[in-house]
Colleague: 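Structure in structure tokens, see below.
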Amino acid sequence: MRRKTPPTGVTVEPMKTGRRVVGALWRWPKGTLVFVMESRLRDVRRQGERSIAAALSKGVACWSIHEEILMALRAKGVHLVVVRVKETGEKFLVHLSAFWDRAVMIRAGSYRMVPIQNFARRPRATKINQV
């Protein structure tokens with residue numbers, strides 16, 4: 001996983017399942033833990049729709065995380081999950097409790113999925129080139 005440089009004072013600890021790095025735990029100076037994972041647009045669960053756009057319009061497009069990872073995050077005291085899209089640099093933020101809320105969460109095998117409309121979206125910062 002390519003790591004973005006964290007803000008000053010934040011310590012980064014890679015989160016692994018076996019040998020595979022699935023994300024990073026960012027510990028803020030006040031002790032708050034945030035799980036940051038990188039994903040691609042093709043990893044959006046579409047629930048049988050042909051395209052991501054169709055899934056978004058019907059409200060069934062979801063980000064998913066394996067239950068083992070979620071249980072480890074809950075045991076460590078993580079409050080916030082951030083999904084960073086590799087292609088666009090966008091960030092999607094959601095509270096960890098959304099993955100346990102039966103009114104929001106969808107189960108698919110050993111994965112728990114939360115629809116994208118439940119995430120707060122942070123667009124990538126725009127860079128302006130000076131002429």
Side-chain angles (χ1 to χ4, degrees):
M1 180 180 129
R2 187 185 74 199
R3 237 184 293 160
K4 184 178 186 263
T5 307
T8 307
V10 174
T11 58
V12 178
E13 170 190 335
M15 175 98 178
K16 295 183 177 183
T17 56
R19 284 198 236 175
R20 185 174 162 228
V21 176
V22 293
L25 290 174
W26 287 22
R27 185 179 304 274
W28 292 84
K30 291 185 178 181
T32 306
L33 275 174
V34 177
F35 177 65
V36 179
M37 64 180 266
E38 285 193 351
S39 193
R40 293 191 168 101
L41 283 174
R42 70 175 186 211
D43 296 334
V44 171
R45 300 288 178 117
R46 299 186 315 247
Q47 303 290 323
E49 296 298 322
R50 286 183 172 255
S51 67
I52 294 172
L56 284 170
S57 67
K58 290 187 178 180
V60 294
C62 300
W63 289 113
S64 64
I65 300 179
H66 198 275
E67 282 186 343
E68 288 180 12
I69 297 168
L70 290 169
M71 286 188 277
L73 293 174
R74 187 168 64 172
K76 289 185 181 210
V78 173
H79 296 288
L80 188 67
V81 175
V82 178
V83 179
R84 185 177 172 278
V85 180
K86 288 182 181 181
E87 295 93 348
T88 62
E90 289 177 299
K91 295 173 191 78
F92 292 88
L93 295 81
V94 71
H95 200 274
L96 184 66
S97 62
F99 286 95
W100 303 102
D101 185 1
R102 292 187 185 272
V104 175
M105 173 269 302
I106 303 166
R107 289 188 75 174
S110 59
Y111 285 88
R112 290 182 184 239
M113 304 183 297
V114 173
I116 288 179
Q117 62 263 24
N118 293 344
F119 283 76
R121 181 179 165 267
R122 300 287 183 254
R124 182 186 75 168
T126 306
K127 293 182 181 179
I128 300 172
N129 295 330
Q130 294 182 353
V131 181

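Note that these values count all heavy atoms, side chains included, but never hydrogens, waters or copies made by symmetry.
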Colleague: Taking all heavy atoms of A72 and all of M15, pick out the closest pair and write down the distance.
Modeller: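 Heavy atoms only, the tightest pair is CB-CE, 3.6 Å.
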Colleague: Applying side chain to side chain contact (heavy atoms under 4.5 Å, CB included) between L93 and each of V36, V34, V81, L80, report the one that passes.
Modeller: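 Among V36, V34, V81, L80, the one that satisfies the side chain to side chain contact (heavy atoms under 4.5 Å, CB included) with L93 is L80.
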Colleague: Rounded to the nearest 0.5 Å, what separates atom CZ in R27 from atom CD in E13?
Modeller: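 CD of E13 is found 6.5 Å from CZ of R27.
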Colleague: Which pairs count as side chain to side chain donor-acceptor pair (under 3.5 Å) when at least one residue sits in residues 98-109, sequence neighbours excluded?
Modeller: E67-R107
Colleague: Spell out, yes or no, whether I65 and V22 are grouped together once hydrophobic residues are joined by side-chain heavy atoms under 4.5 Å, including indirect joins.
Modeller: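 The answer is yes; both residues are in one hydrophobic cluster.
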Colleague: I need the minimum non-hydrogen distance between P115 and V104, along with the two atoms involved.
Modeller: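 Of all heavy-atom pairs spanning P115 and V104, the closest is CD-O, 3.4 Å.
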Colleague: Members other than I106 in its cluster, when Ile, Leu, Val, Met, Phe, Trp, Tyr link by side-chain heavy atoms under 4.5 Å?
Modeller: M113
Colleague: Taking E87 for the side chain and L41 for the main chain, is one N or O donor matched with an acceptor at less than 3.5 Å?
Modeller: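 Here the side-chain-to-backbone pair exists.
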Colleague: How close do T32 and H79 get, heavy atom to heavy atom, and via which atoms?
Modeller: CG2-CD2, 4.3 Å
Colleague: Find out if a path of hydrophobic residues (ILVMFWY) with successive side-chain heavy-atom gaps under 4.5 Å connects L73 to Y111.
Modeller: no
Colleague: So if I apply the salt bridge (charged side-chain N to carboxylate O under 4.0 Å, His left out) rule between E90 and each of R122, R121, R40, which one comes out positive?
Modeller: R121
Colleague: Could you walk me through whether W63 and V114 pass side-chain contact (heavy atoms from CB on, under 4.5 Å), step by step?
Modeller: CA-CA 6 Å; W63 289 113; V114 173; over 6 Å; no
Colleague: Would the distance check show the side chain of R112 and the main-chain N or O of F99 forming a donor-acceptor pair, the cut-off being under 3.5 Å?
Modeller: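 Yes, because the side chain of R112 sits within donor-acceptor range (under 3.5 Å) of the backbone of F99.
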Colleague: How long is the span from the CZ atom in R84 to the CE atom in M37, to the nearest 0.5 Å?
Modeller: 12.5 Å
Colleague: Run the numbers on C62 and Q47 for side-chain contact (heavy atoms from CB on, under 4.5 Å), then give the verdict.
Modeller: CA-CA 8 Å; C62 300; Q47 303 290 323; 4.2 Å; yes
Colleague: Indicate the atoms forming the closest heavy-atom contact of A54 with E49, along with that distance.
Modeller: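 Heavy atoms only, the tightest pair is CB-OE1, 4.0 Å.
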Colleague: Just wondering, are more than 12 heavy atoms of other shown residues or ligands nearer than 6.0 Å to CD in Q117?
Modeller: yes
Colleague: If Ile, Leu, Val, Met, Phe, Trp and Tyr residues are connected whenever their side-chain heavy atoms lie under 4.5 Å apart, and connections chain through other members, are V44 and V60 in the same group?
Modeller: no
Colleague: Give the cluster check for M105 versus F92: same hydrophobic cluster or not, with ILVMFWY residues linked at side-chain heavy-atom distances below 4.5 Å.
Modeller: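 Unlinked, M105 and F92 end up in two clusters.
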Colleague: Supply the atom-to-atom distance K76 NZ to L33 CG, rounded to the nearest 0.5 angstrom.
Modeller: 8.5 Å
Colleague: Hey, does V83 have a side-chain heavy atom less than 4.5 Å from the side chain of V94?
Modeller: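 Answer no - side chains too far apart.
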Colleague: Of the non-hydrogen atoms in S51 and R46, which two are nearest, and what is the gap between them?
Modeller: C-CD, 3.6 Å
Colleague: Once rounded to the nearest 0.5 Å, what's the spacing between atom CD of E38 and atom NZ of K91?
Modeller: 10.0 Å
